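Please find one structure pasted underneath; my questions will follow.
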Amino acid sequence: MSSSDHQQPPSAPVLDLLERYYDAVPRSGARVEDFGPLSLFVREGAGWPFYARPALGAAAGPVDVTDVARVRARQRELGAPEAFEWVAETAPSLRAAVEASGLAVHEHPLMALDPAASTPQAVSGSGVTVRILGPEDPALAGALAVPYLAFTEPGTELGAAGPAELAEAILATTGDGSVERIAARIRSGLTSVAVAIADGTALCAGQHQPVGEVSEIVGVGTLPTARRRGLAHAVTAALVADARANGVRTVFLSAGDENVARIYARLGFRRVGTALIAERPAADG
């Protein structure tokens with residue numbers, strides 16, 4: 001192996017920063033179980049279940065299929081999804097181990113906002129207003145329901161789900177405690193939510209989750225019948241502006257695919273790595 005194989009890429013300082021963020025951000029709603037080179041985050045209370053990822057710092061090291069199998073057994077015992085999330089460049093041994101265990105791996109462009117990029121303006125016309133939501137804002141339920149419909153019909157093309165499906169999704173959201181949980185996180189400064197809304201209907205929404213001077217933009221999704229109008233661009237711009245206004249210096253995200261990555265590139269995001277998500281293959285149920 002040549003010495004060049006040990007050299008870190010130019011984005012290494014950013015990736016180190018993101019590793020610390022990835023380890024910190026779930027801790028506001030989860031406990032951590034130690035599995036040697038892997039950490040399993042276990043949800044405390046209601047909400048979306050967490051995942052396993054490489055341990056931070058000295059505990060991190062090569063991962064083999066036995067390590068993955070131990071974590072998967074514990075996830076099954078807890079009734080949690082058998083899921084792992086990590087960055088390819090910072091845990092190069094993990095992919096082979098999770099694939100050997102039978103999990104499917106999905107790749108997503110990992111992008112950080114260029115520090116020199118100007119703060120974008122969240123401009124959207126045709127009667128659409130883009131704003132950051134407070135914990136009591138009546139649009140919050142819609143803002144949480146829209147991404148669910150968007151991810152059910154992935155991609156950037158127009159889809160079938162529209163206002164009628166959104167109304168049904170809002171009823172489900174208001175009945176499962178999601179609104180109350182996110183409202184509490186907004187009050188605590190753990191989450192910011194942006195929405196693009198027209199005539200009282202949420203058309204696109206997303207969040208960022210700050211930890212110190214770092215924040216990840218997550219869950220940006222557009223109502224499928226409202227796509228191709230620049231709404232995701234506008235919502236992301238609002239989230240960037242909010243993060244920077246509140247002292248965040250590093251803003252990053254994982255794009256759904258290369259087409260979505262091009263949208264974010266227009267806002268000044270640049271690829272710094274590859275985010276990987278492992279889960280049971282769809283055929284496994």
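Quick caveat, the model's predicted, so the values are computed rather than measured.
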### Message
Could you check whether Arg31 pairs with Glu44 (Lys NZ or Arg NE/NH1/NH2 to Asp/Glu carboxylate O, under 4.0 Å)?
### Response
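Yes, this pair counts.
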task = Check whether the ring centres of Phe252 and Tyr22 lie less than 6.0 Å apart, and answer yes or no.
result =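 For Phe252 and Tyr22, the ring centres are under 6.0 Å apart.
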Check this for me: does any side-chain nitrogen of one of Asp137 and Arg131 sit under 4.0 Å from a carboxylate oxygen of the other?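 Arg131 and Asp137: salt-bridged.
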Margin query: When you measure from the side chain of Gln75 to the backbone of Ala83, do you find a donor-acceptor pair of N or O atoms at a distance under 3.5 Å?
Written below: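 Side chain of Gln75 to backbone of Ala83, a donor-acceptor pair under 3.5 Å: yes, one is there.
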*Evaluate the side-chain proximity of Thr250 to Glu213: yes if any heavy-atom separation is below 4.5 Å, no if none is.*
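In short, these two side chains do not touch, never coming nearer than 4.5 Å.
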**Message:** Rounded at 0.5 Å granularity, tell me how far OG in Ser39 sits from CH2 in Trp86.
**Reply:**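 Answer for the OG-CH2 pair, Ser39 versus Trp86, is 14.5 Å.
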Self-check item: Within 6.0 Å of CZ in Arg249, more than 12 heavy atoms from elsewhere
Solution: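 It does not: Arg249 CZ has 12 such atoms or fewer within range.
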- Task: Measure from the side-chain N and O atoms of His108 to the backbone N and O of Gly256, and report whether any donor-acceptor pair falls under 3.5 Å.
- Result: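 Answer holds: yes.
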Does this structure show an ion pair linking Glu107 with Arg95, if we count only N-O contacts that are shorter than 4.0 Å?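 Between Arg95 and Glu107 there is a salt bridge, with a charged N closer than 4.0 Å to a carboxylate O.
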Worksheet entry | Residues Arg72 and Glu77 bridged, charged N to O under 4.0 Å |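 Answer for the salt bridge query: no.
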- Step through the shown structure and confirm whether more than 12 heavy atoms of other residues, nucleotides or ligands are within 6.0 Å of CZ on Phe35.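 Correct, the count exceeds 12.
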Note to self: Taking Asp242's backbone N and O only, do any of them form a donor-acceptor pair with Asn246's side chain (distance below 3.5 Å, no angle check)?
What the structure shows: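 Checked: pair present.
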Whether the side chain of Arg70 engages the backbone of Thr66 through a donor-acceptor N/O pair (distance < 3.5 Å, no angle test) should be reported.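 No: the side chain of Arg70 does not pair with the backbone of Thr66.
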Checklist line | Salt bridge Glu258-Arg271, side-chain N to carboxylate O under 4.0 Å | finding: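 Yes, charged N to carboxylate O under 4.0 Å.
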task = In plain terms, say whether Arg74 and Glu33 are close enough for a salt bridge, that is, a side-chain N and a carboxylate O under 4.0 Å apart.
result =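 The answer is yes: the pair qualifies as a salt bridge.
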